[in-house]
Amino acid sequence: MKKCILASVALLGFITIGAQNVTLNVRLKPIQTLVVNNSQKIVNLDYVTKDDYANGVSSLNADHLTIFSTGGFQVKVKAANAALQNGGKNIQANTIQLKASAGTDAVNGAQYAQGTTLSANETTLVTSTAGGVNKKISIEYKGAGGNAYIDNYIAGQDPTVYTTELTYTIIAQ
């Protein structure tokens with residue numbers, strides 16, 4: 001009988017009964033992307049008539065930006081320079097306004113800047129506490145009225161073009 005008990009005890013020593021734990025982590029990294037509509041990479045503000053110079057002109061770019069954001073975000077814009085240059089003449093960037101608005105697939109609860117002046121410093125156009133996938137933002141560009149650019153035409157150029165590059169950025173908030 002002693003041999004059976006010892007054999008039973010010896011077999012039990014090799015069998016481990018118990019539980020093992022595993023830690024599972026869901027790790028979310030922040031992702032923000034911003035894409036400018038390919039067909040709207042060039043925006044022209046054309047002054048053609050007397051009324052254009054007097055009242056200013058605008059260009060509404062529907063669904064101009066598409067964003068993807070994991071959580072809240074801000075969309076900002078800045079001009080490459082404080083002034084748009086052509087030869088010895090310039091147009092101050094702050095004479096151009098940008099107005100952001102909801103696109104066709106809007107971000108729920110986003111706040112859109114109205115009448116933000118263009119600057120060489122970043123300016124916030126859109127703020128949202130919620131994220132979104134492929135959400136659209138429309139941007140309207142408006143050039144100055146009040147004949148502000150009346151002396152900026154340069155003879156022999158048709159048209160006289162003042163240019164700056166705009167940089168849009170998206171950041172987590």
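Heavy atoms only: backbone and side chains are in, while hydrogens, waters and symmetry mates are out. Bear in mind the structure is a predicted one, so any value in this text is a computation, not a measurement.
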Evaluate whether atom NZ of Lys99 has more than 12 neighbouring non-hydrogen atoms of other residues, nucleotides or ligands under 6.0 angstrom away.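 No - once you tally the heavy atoms of other residues, nucleotides and ligands closer than 6.0 Å, there are 12 at most.
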*Should we say atom NZ of Lys78 is surrounded by more than 12 heavy atoms from elsewhere, each under 6.0 Å from it?*
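Counting other residues, nucleotides and ligands, NZ of Lys78 stays at 12 neighbours or fewer.
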Side-chain contact, heavy-atom cut-off 4.5 Å: [X] with [Y]?
{"X": "Val57", "Y": "Tyr141", "value": "no"}
{"X": "Asp63", "Y": "Ser138", "value": "yes"}
{"X": "Thr66", "Y": "Asn37", "value": "no"}
{"X": "Ile171", "Y": "Lys76", "value": "yes"}
{"X": "Thr169", "Y": "Leu34", "value": "no"}
{"X": "Asp52", "Y": "Asp46", "value": "no"}
{"X": "Leu65", "Y": "Ile139", "value": "yes"}
{"X": "Ile67", "Y": "Ile137", "value": "yes"}

Please answer whether the main-chain N or O of [Y] pairs with a side-chain N or O of [X] as donor and acceptor at a distance below 3.5 Å.
{"X": "Asn86", "Y": "Val161", "answer": "yes"}
{"X": "Tyr47", "Y": "Asp51", "answer": "no"}
{"X": "Thr95", "Y": "Gln92", "answer": "yes"}
{"X": "Asn61", "Y": "Gln40", "answer": "no"}
{"X": "Thr117", "Y": "Gln97", "answer": "no"}
{"X": "Tyr149", "Y": "Ala144", "answer": "yes"}

- side-chain hydrogen bond (donor to acceptor under 3.5 Å, both in side chains) partners of Asp105, counting only residues at least two apart: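 Partners of Asp105 under the side-chain hydrogen bond (donor to acceptor under 3.5 Å, both in side chains) test: Lys135.
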Next item on the list: Kindly write out the residues that satisfy side-chain hydrogen bond (donor to acceptor under 3.5 Å, both in side chains) with Ser58, not counting sequence neighbours, or none if the list is empty.
Entry: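 Ser58 satisfies side-chain hydrogen bond (donor to acceptor under 3.5 Å, both in side chains) with Glu140 only.
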Worksheet entry | Between Asn121 and Thr123, a side-chain donor and acceptor under 3.5 Å |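 Judged by distance alone, the side chains do not pair up.
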Task: Leu45 with Leu125, same ILVMFWY side-chain cluster at under 4.5 Å - done: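 Yes, it is one cluster - the side chains of Leu45 and Leu125 are joined through contacts under 4.5 Å.
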If hydrophobic residues (ILVMFWY) are linked whenever their side-chain heavy atoms come closer than 4.5 Å, directly or via other members, who joins Val35 in its cluster?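 Listed partners: none, Val35 stands alone.
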Which word best sums up how the rings of His64 and Tyr168 line up, parallel for under 30°, tilted for 30 to 60°, or perpendicular for over 60°?
->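 Rings of His64 and Tyr168: perpendicular, as their planes differ by over 60°.
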Practice problem: Sort out for me which residue in Gln32, Gln173, Glu122 forms a side chain to side chain donor-acceptor pair (under 3.5 Å) with Gln74. | Solution: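 Considering Gln32, Gln173, Glu122, a side chain to side chain donor-acceptor pair (under 3.5 Å) with Gln74 is found only for Gln173.
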